[in-house]
J.: 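Below is a structure I'd like to ask you about.
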Amino acid sequence: QWTWLRAAGQLISDCISLWIMLAIARVFPYVLRSDGAKLTANDAQSLLLLNQVIQWCVICVAGIICLILAVHAFQTVRAVRRMVNQRRHPAAMGISQTL
């Protein structure tokens with residue numbers, strides 16, 4: 001009877017994960033040179049490329065989380081509808097479960 005709780009928990013977890021990924025996506029650059037030395041052109045280009053790869057990875061993970069969020073939202077709605085129907089028609093659900 002508490003099957004909706006799992007789907008709702010996953011939905012909340014997905015929302016939190018997406019929020020974290022969006023917070024990470026706002027921080028750019030991800031990798032900085034810490035020693036304060038001057039960067040050569042090759043070092044600067046490598047650092048920029050590394051930051052871009054990290055940013056694309058973060059964006060892709062956020063997109064995947066959005067897809068998972070949609071699936072868990074569908075599962076949550078389906079579980080809540082099932083729970084509401086069981087409360088409206090308890091006799092019909094009991095008969096269908098015995099068959």
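These values consider heavy atoms only, across backbone and side chains, with no hydrogens, waters or symmetry-generated copies. Sequential numbering from 1 along the given sequence is applied to the chain's residues.
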J.: Are Trp4 and Val77 grouped together when hydrophobic residues (ILVMFWY) are joined by side-chain heavy atoms under 4.5 angstrom apart?
T.: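 In one cluster: no.
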J.: Can any side-chain N or O of Ser17 pair as donor or acceptor with the backbone N or O of Ser13 at less than 3.5 Å?
T.: yes
J.: Could you tell me the separation between the CE atom of Met21 and the CD1 atom of Ile16, rounded to the nearest 0.5 Å?
T.: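 Met21 CE to Ile16 CD1: 14.5 Å, rounded to 0.5 Å.
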J.: Enumerate the ring pair (Phe, Tyr, Trp, His ring centres under 6.0 Å) contacts for residues 7-33, please, sequence neighbours excluded, ordered by first and then second residue.
T.: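 Checked against ring pair (Phe, Tyr, Trp, His ring centres under 6.0 Å) - neighbours excluded - the pairs reaching residues 7-33 are Phe28-Tyr30.
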J.: Which distance, rounded to the nearest 0.5 Å, do you find between the CZ of Arg6 and the CG of Leu11?
T.: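 That separation rounds to 13.0 Å.
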J.: Pair up each side-chain donor or acceptor in residues 54-72 with any protein partner under 3.5 Å, not counting sequence neighbours, and list the distances.
T.:
{"unit_1": "His72", "atom_1": "ND1", "unit_2": "Asp14", "atom_2": "OD2", "d": "2.4"}
{"unit_1": "His72", "atom_1": "NE2", "unit_2": "Gln10", "atom_2": "OE1", "d": "3.4"}

J.: Same hydrophobic cluster for Val53 and Leu48, using side-chain heavy-atom links shorter than 4.5 Å among ILVMFWY?
T.: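 No; Leu48 is not reachable from Val53 via cluster members.
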